[in-house]
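Note on naming: letters A, B, ... go to the chains in the order of the sequence lines (proteins, then strands), and numbering restarts at 1 for each one.
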Number of protein chains: 2
Amino acid sequence: MRLTRAGEYGIRCVQHLARHGKGTLVSRKEIAVRTDVPPHFLAKIAQQLARAGIIEIQQGANGGYRLLRDPSEITLLAVIEAIIGEISLNDCVGRPESCHNSPLCTVHRVWNKANQQLRATLQEADFATLAKEDPCCLTPFPETAGHNGPIGKK
Amino acid sequence: MRLTRAGEYGIRCVQHLARHGKGTLVSRKEIAVRTDVPPHFLAKIAQQLARAGIIEIQQGANGGYRLLRDPSEITLLAVIEAIIGEISLNDCVGRPESCHNSPLCTVHRVWNKANQQLRATLQEADFATLAKEDPCCLTPFPETAGHNGPIGKK
DNA sequence: CGATATAAGACTAAAAACATCTTATATATC
DNA sequence: GATATATAAGATGTTTTTAGTCTTATATCG
Ligand code: SF4
Ligand code: SF4
């Protein structure tokens, strides 16, 4: 297992959407800027989240992404695994057949246990709870706030 | 965090040495053959284990490796971290300064917790316990058994 | 000394991660 | 309907990491 950048970015994306609540449309640009993720990269990640049924993508002018479920129904585990696939600390955890020794291997059992524990911990964390303690103050985003002039940048 | 091949091989190496017990000299070749690890790769891994004080390397003819500690004193965690460095599930766990958001981030806290839990689980597993339930029957290795002719191969 | 074994690190190949770019398509607004 | 804007989809490119090999040097036994 390895939490890649894509995985981390996916979490940030859902986290930001969760701040706006279920169903609210948020532009890719806003998410990208606010969570510090390369916009084109975010597009890819969003597609994976959409395939997993976590978000919905709206195309066209004034398009963007929206959460399909309530933040309390979305876990860290679901978001991570939507992007990097099922967590597997060692090859033999996800594919026991990759090591002929796995049926007898006592180390294998430790990995299995650790893996299960890790997934459980990540499953316990839902985005409603995460947001509750989150001190993030959601200041208006330029585009959303109704004027187009750049603020600060340039 | 990511258990690399080197990490997995390191565990196999220590596991094999543990079967022979603390202090017993075992040739690199035997370990490599028995645990299915490329010999030159094993050399590298052994050096890391030696630096971490887990094994001792004996050079010269009839050289090899030996465990410095009792198997019960060696944990999975120690071996893994000797090779891949301290376990860190996400960048921000090992280096909080890598994300300016880490002091406030609620996701960060979940990672910290999960990381701590994982390390604890791997620390609980020592090689004496692992070997106890290990059904491996240690048949004599050709070189060790006192004759030099190749068996089976070629 | 000579045979054998590891040390140490350079080197290479392959894979994965990370990111960008291009072309196509969908939608709102005029 | 035309146009501008936003995402879709996937090809492409760059960089980093992993995995493994090779070469030269050194240590030890007999
Ligand atoms: S030796 Fe054990 S821990 Fe290692 S890959 Fe095989 S089954 Fe997994
Ligand atoms: S946003 Fe939170 S979880 Fe993600 S890298 Fe920063 S501190 Fe870690």
List, with names and distances, any nitrogen or oxygen atoms from the protein found under 3.5 Å away from nitrogen or oxygen atoms belonging to nucleotides 17-22 of chain D.
residue : atom : partner : partner atom : Å
D/dA19  : OP1  : B/R5    : N            : 3.4
D/dA19  : OP2  : B/R5    : N            : 2.8
D/dG20  : OP2  : B/Y9    : OH           : 3.4
D/dG20  : O6   : B/K44   : NZ           : 3.3

Exactly one candidate in B/I55, B/I54, B/D126 meets side-chain contact (heavy atoms from CB on, under 4.5 Å) with B/I74; the answer is B/I54
Rounded to the Å, how far apart are A/E30 CD and D/dA6 P? 13 Å
Which whole-number value in Å describes the distance from A/D36 CG to C/dA19 C1'? 14 Å
B/Q47 has an atom CD; how far is it from atom P of C/dT6, in whole Å? 11 Å
Any protein N or O atoms within reach of nucleotides 23-26 of chain C? Criterion: under 3.5 Å, listing atom names and distances.
residue : atom : partner : partner atom : Å
C/dA26  : O4'  : A/Q59   : OE1          : 2.8

Do B/V79 and B/T75 have side chains that get closer than 4.5 Å, going by heavy atoms? no
B/Q117 and A/T121 side chains, donor-acceptor separation under 3.5 Å: yes
Protein-nucleotide distance (A/R51, atom CZ; D/dG10, atom P), rounded to Å: 8 Å
Closest heavy-atom pair, A/A52 versus A/A82, reported as atoms and distance to 0.1 Å, is CB-CB, 3.6 Å
Using whole Å, what does the distance between atom P of nucleotide D/dA6 and atom CG of A/L42 come to? 14 Å
Can you find a side chain N or O atom of B/R28 that sits less than 4.0 Å from OP1 or OP2 on C/dT6? yes
Rounded distance (Å) that lies between atom P of D/dA9 and atom CD of A/Q48: 12 Å
Between CZ on residue B/F127 and CZ on residue B/R69, distance to nearest 0.5 Å: 10.5 Å
d(CG, B/D91; C1', C/dA17) in whole Å: 12 Å
Listed once per pair and sorted, the side-chain hydrogen bond (donor to acceptor under 3.5 Å, both in side chains) pairs that draw on residues 89-105 of chain A, sequence neighbours left out: A/N90-B/E8
Which comes earlier along DNA chain C counting from the 5' end, the contact point of A/N62 or that of B/Q58, where each point is its nearest nucleotide? B/Q58
I need the CD1-P distance between B/I57 and D/dT28, as an integer number of Å. 12 Å
Give, for atom CD1 of B/I11 and atom CG of B/L3, the distance between the pair rounded to the nearest 0.5 Å. 5.5 Å
Pair A/R119 + A/E81, salt bridge at N-O below 4.0 Å: yes
Approximate separation, where rounding is to 0.5 Å, of A/W111 CH2 and B/L122 CG: 5.0 Å
